[in-house]
Amino acid sequence: MNEKLLDIKNLTIHYITDDGVVKAVNGIDIELNKGETLGLVGETGAGKTTTALGIMRLVPNPPGKILSGEITFEGKDLLKLPEGEMRKIRGNKISMIFQDPMTSLNPVMTVGEQLAEVIQIHEGLSNEEAIEKAKKMLEMVGIPGERHTDYPHQFSGGMKQRVVIAIALACNPQLLIADEPTTALDVTIQAQVLDLMKRLKEEFNTAMILITHDLGVVAEVCDKVAIMYAGEIVESASLEDLFEKPKHPYTLGLFGSIPNLEEEVERLNPIKGLMPDPTNLPSGCPFHPRCPKAKDICKIQVPKTTDLGNGHKVRCLIYEGLVEA
Amino acid sequence: MLKSRKLLAVLALMLSFVFVMTGCGKGSNQATEGGKDSIIVAQGADAKSLDPHATNDQPSSRVMKQIYNTLINTNEDMQIVPGLAESWEQKDEKTWVFNLRKGVKFHNGEELKASDVKFTLERMLASDKVNHIVEAIAKVEAPEDYKVVITLKEPFAPILAHLSHTAASILNEKAVKEAGDNYGQKPVGTGPFKFVAWQSGDKIELEAFNEYFEGAPKIKKITFRNVAEGSARTMGLETGEIDIAYDVEPVDKERVKNNDKLTLVEEPSLSVAYIGFNTNKEPFNKKEVRQAINYAINRDDIIAAVLNGAAEKAGAPIGPKVFGHNPNIKPYEYNVQKAKELLKQAGLEKGFKTTIWTNDNPVRVQIAQIVQAQLKEIGIDVKIETLEWGSYLDRTGRGEHDMFILGWVTVTGDADYGLYALYHSSQKGGAGNRSFYENKKVDELLDKAKATNDSKEREKLYHEIQEIVVEDAPVANLYYQTQNVGMQKAIKGFRLHPAGHHRLYNVSY
Amino acid sequence: MANVANLQTADVKKTKKRSMWVEVARRMAKNKMAMVGLGIIVVLVLLALFADVIAPYEEVVIKQNLSMRLKGPSAEHWLGTDEFGRDIFARIIHGARVSLKVGIVAVGISIFIGGSLGAIAAYYGGKVDNLIMRFMDILLAVPSILLAIAIVSALGSSLFNLMLAIGISSVPSYARIVRASVLSIKDQEFIEAARAIGANDFIIITRHIIPNALAPVIVQGTLGVAGAILSTAGLSFIGLGIQPPAPEWGSMLAGGRAYLREAWHVTTFPGLVIMITILALNLLGDGLRDALDPKLKQ
Amino acid sequence: MRKYITRRLLMLIPVILGVTFIVFSIMYMTPGDPAQMILGESAPESAVKALREKMGLNDPFIVQYGRFVKNAIMGDFGRSYATKKEVFAEIFARFPATLQLASVGVLVAVLIGVPVGIISATKQYSLFDSVAMLLALLGVSMPNFWQGLMYILLFSVTLGWLPSGGYGSFKHFILPALTLGTSTAAVIARMTRSSMLEVIRQDYIRTARAKGVEEKKVILKHALKNALIPIITVVGLQFGHLLGGAVLTETVYSWPGIGRLLVDAIKQKDTPMVQATVVFIAVTFSIVNLAVDILYAYVDPRIKSQYK
């Protein structure tokens, strides 16, 4: 159970555009064991999706560029694989579910074709066999198999996301990256889809990186959590540790901005200010302009990762003892 | 997957369709080197109809000339020679008798009979388009199989010349009746070549008629191609795609001459180019103004610049190839001083503003520009207006113009055709007299000359008419254009006909 | 109080609009190709404006000198002379006036007529829309060359009639563009809001809808100027263009085609100038399109 | 689908009626007397008058138009004033030349334009992209007739490889098709590029890549089909225009197509010919449009479902 599946070290991804360099991901580390689920949490623009695309090696280039780092998957560094090898991994060992089911299916191909395609590529089945398997996959996600000849526009949003999930799981991947798989859906559908993912993940023993900004979803599904801010992972821990003992001021801020049903509070405490401009990140700790506990040193000193034990890591000068909490 | 395969099928179908269609345009008579028995002739427009009574345009006539014969021919030297009529005699002032050649075959196998001639001329008289050519005829009789008697309304001296007009080509009664409305696309004549096919807008194919009464022609096949761009005709000659090109552009003449595979034949034609004045309008109602403009135009410049020298300065309104031409009339000299004096006499020493009209014919447009520049020298401010051909004819016919540029071809080669329409007061407007010129004396002389049978006497009358007309200057005659034909050097037996429709019977490679 | 409120909203609107155009200009300035296009157009406009200073019209552009016919480029005549011995360079510069004017006015005419019809059709919808758009379909089905010939021969051949003819033949495409963009705008909230405060149709159309539908029209217009210049040249080629001796690029090209081989420069330079102008307008139009539609750029 | 096609064809009727009315009005209002044109410049005025009367040209406009519509409904569009040929017989005699040139021209354009557009889009901002797009722009910017003259000068006169004009064999096709093809290719390449750029950015392309689909397949299978609608539109529009006759190209290459037929007829004030040609062009154009719309349904199932 504790076999290491994915080990990301010092991954840095920048987008180089006419308007400047967008520092999307700045030296992050992620570890994931087989069958484990990691929640990657952060505001819009924190670099979550770029991280995911980085793992898939699908960062659009130009303008995106993976500047440094290692992504070790099953002992191989994905960043050093030739494109052909990488293609064999995509959709097969690592697959990805994108944010918007409305736009992630090809509108001019039947869902059956789209499902069968991934099966054919990786399992070398004949046309008929692939279609058969596609039908089975559809049934598995709760869609009648005979609808494989339908086009995406004939499905509802929730059903489309089921199809996307079916495509992602068609080849029993070791790792599933789900990029906000439920944000575009109705609340009731969200729950159904989450349930489905949870069930299938357990059935296939798939590891998962769940990208979301919704801590509620994280609490329901994940084993581990990593909090991202401005392209850095500011805190990572097991689910219990993070929820019970959040350390980083940003994490604390996130919890402060969730309504709590159990406690009556006068008003929520949202984090002040906005995400920094990624082309022009603040010096020192990138969170310092918004941090309620920031001191002068935070503007200069870049925090290092502090290991608090039990896999609980945090990047904040407070835990380096340089700033008083 | 299935869908895209269907799409592919549709595409393939479309493709094969295109290629089948392409294949349909069978390999035409490609120009090849060596002793050929077919020739390709290029002219600037497609024929309109091959029914001589349906049209009177040059491109059609040039084709019809090969298909049909007329009773009488005017040869390349403008002499009247026998055609389908072996001989003829004038019984009295108004009666002519024609004896037909025997054993002449039409392309449909019928033999030529006097009844065909009667039918033809009567049909011609009923045609709106060409009846004016034979309007002098009162009746046509066919008393015997090979004898035709033509009675005129009044004495009309140039009747023989008019009967040699291609519009008076003799048709076969049976063929015309069989074809009905479509006769123009199924012509049947007695000529050396018979009609084969017509790809509209592109080409007309003729082939030798082996039973032709003068003997089968040497060339087996003639293709008339429609090549509108003058430069393209020359290029076609150079590349060998075209054997004979009519009307080589003036600028291209040197190129043809200097090419050792090609020759250029050039000769004066029956046409005159002129600038007409609206004598009904101020200030062109003043003779001095009209003469002044005549003096102010430098004809040499026009001929050099626009025609590359391919013309002769014009004095008299009919050229030297036309019967009745007065060789003593010299062109108005280029004399700006004199022009100014004349304007002063007319009380217009300060000049005036006026317009000159032309159609979109590039030669005329260029002439207009040169004349505009030249008249500026004597203070006349001319605006050029280019009109589309239809409105040009219509509006000059109605007399809305100040000045205009036109040409006239005396197709029959007889002074009557060239002078009557242009200067007789009964012909004002659309009939030809677009300068609205009126002179009692000229009217009288024109009528008299028309009815005079003695040719010496007629000639004298026409000489006098031309003197008056040139002095009165209702128009400024510019030049007699030389016509030319460019062809492959290997071609023999080609002669230019002054009227422009060259006979290809004697041509060979 | 009411005044103050008005003032404020006006201010807000103004700054918003200005910033949009500033942003567009900023994006344009970054597009090298569009700037090259703009540069060429500016040079042409300047040449056209100062044409008389560079080469006097009567003496150089119009006056013939038959002894200097068809001379190749030289120090005296940079681009050679034409069939009447006139300086081609001078005629091209003066021709820029005519060609640019024809292009701009013709497009102005089509934008005005087509734009109004399109806006009316979209705004009122229903029967009006149907009627106008079917009429546009009919107009589209009549070959533009017939329209042009008809207008020129019915109204006489003048520069304005030529512009009118070319303008009218592209009315349907502007009607369609404007209709489409008005349709997408008219149901948006700010129109509802304007109506709620009692603005009438005229004010809504002129103040709100037209400015917002402008972007695609500007792009199409830039390209349309190019198209109109090409059409004029084409009409000149088949003998229906500007009246001589006025210099116009298309008629220079058409007039010189007989000398294609004797004097290459007579057609080559006007042809090149047409090509460069169209190219510049296209570059500019493409640049504008990209700048107005940031979606297209990543 | 059949219902949809029928409805579209029925909609043609008012359009054609409108077209005939406009054309008839234009021909009626423009100066120039058909009778005079038939008889030529040297016909006596009495003959012109008689012919006018015979042709019914003196009747009021509405009577003349009514007569035309009545005859047209009976299938009789009349005979050409100039050539006395039946107008549709003449049009059908000319149409193959136009159809062939338009088809080959568009074929050339598609074969060049679509691949260039695709490569340009996939290699946006590369050297190939810049050069190809500059060439495409030049193709759009070069007046067709000038381009035609230059080709003749080079390929026929200087090199002597191809005929300078005319109609008939395959060789005659090459230059006109090239002239039409290159300028049309430019338009198609530009449209393909921008359409592909739009599509390549879509999420489903990323999905396809995430499935491990080969890049070539991603572009040709997933992207191209989605990018096809605007490309088909442009190809259809160009084809429709070319079917109406490319007057300038036809003139330069002495090509006996519809375009020259129309221009000649207009210049000769040959009303029946103009009328029939314009109706023919309008119908062809509409049919091509309809074909394009039907093609949409094959390409895009979303559109197909709308037609039902």
Side-chain angles (χ1 to χ4, degrees), chain A residues 18 49 52-53 55-60 62-63 83-111 113-123 149-154 160 163-164 167-168 170-171 173 176-177 179 184, chain D residues 1 118-130 192 195-233 293-308:
Chain A
D18 291 351
T49 303
L53 290 174
I55 299 169
M56 298 291 285
R57 259 177 60 187
L58 285 176
V59 179
E83 179 60 26
E85 289 297 310
M86 188 63 214
R87 215 160 32 227
K88 282 185 195 151
I89 290 174
R90 280 187 211 127
N92 188 22
K93 293 195 165 156
I94 308 179
S95 54
M96 187 162 173
I97 299 172
F98 293 101
Q99 192 166 4
D100 188 354
M102 303 300 167
T103 59
S104 17
L105 287 174
N106 192 330
V108 302
M109 288 168 76
T110 64
V111 295
E113 280 171 336
Q114 299 188 48
L115 244 170
E117 188 181 34
V118 68
I119 298 167
Q120 255 184 318
I121 292 172
H122 298 296
E123 299 188 356
T149 52
D150 282 358
Y151 287 94
H153 71 274
Q154 289 160 304
K160 274 188 214 169
V163 174
V164 172
I167 291 177
C171 300
L176 176 67
I177 303 171
D179 184 2
Chain D
M1 195 73 163
I118 292 174
I119 298 174
S120 260
T122 51
K123 308 208 159 133
Q124 201 188 0
Y125 305 128
S126 68
L127 186 68
F128 178 91
D129 182 29
S130 312
T192 305
S195 177
M196 282 296 281
L197 280 179
E198 184 88 39
V199 168
I200 283 175
R201 272 189 271 277
Q202 298 295 321
D203 289 350
Y204 52 79
I205 297 303
R206 201 168 54 181
T207 308
R209 290 201 178 113
K211 288 198 298 192
V213 179
E214 267 177 89
E215 192 58 22
K216 206 166 75 192
K217 259 185 151 178
V218 169
I219 298 299
L220 294 181
K221 190 171 162 196
H222 288 260
L224 184 57
K225 209 175 169 198
N226 278 287
L228 226 44
I229 295 281
I231 301 173
I232 291 176
T233 310
D293 285 351
I294 294 171
L295 211 56
Y296 285 169
Y298 276 95
V299 173
D300 193 332
R302 286 168 297 183
I303 295 179
K304 191 175 189 176
S305 64
Q306 282 169 21
Y307 288 170
K308 277 176 185 148

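- Counting heavy-atom pairs closer than 4.5 Å to chain D, the top residue among A:I97, A:V118, A:I167 is A:V118.
- Between chain D and the options A:S104, A:G91, A:G84, A:A170, heavy-atom pairs under 4.5 Å are most frequent for A:S104.
- Summarising the geometry of D:Y204 relative to A:N106, their closest heavy-atom pair is CB-N, 3.5 Å, with the distance given to 0.1 Å.
- Ion pair D:E215/A:R87 not flagged as a salt bridge, since none of the NZ, NE, NH1 or NH2 atoms sits closer than 4.0 Å to an Asp/Glu carboxylate oxygen.
- Side-chain atoms of A:T103 do not come within 3.5 Å of backbone N or O of D:D203 as any donor-acceptor pair.
- Proximity to chain D (any heavy atom under 4.5 Å) is shown, for A:N92, by neither the backbone nor the side chain.
- Closest non-hydrogen pair, D:G212 versus A:H122, comes out as CA-NE2, 4.2 Å.
- Using a cutoff of 4.0 Å between basic side-chain nitrogens and carboxylate oxygens, A:E117 and D:K217 are not scored as salt-bridged.
- Contact count against chain D (heavy-atom pairs under 4.5 Å) is highest for A:M109 among A:M96, A:Q120, A:M109.
- For a residue to count as touching a neighbouring chain, one of its non-hydrogen atoms must lie under 4.5 Å from one of that chain's; by this rule A:I121 touches chain D with the side chain only.
- For A:I177, no part lies near chain D; criterion is any non-hydrogen pair under 4.5 Å.
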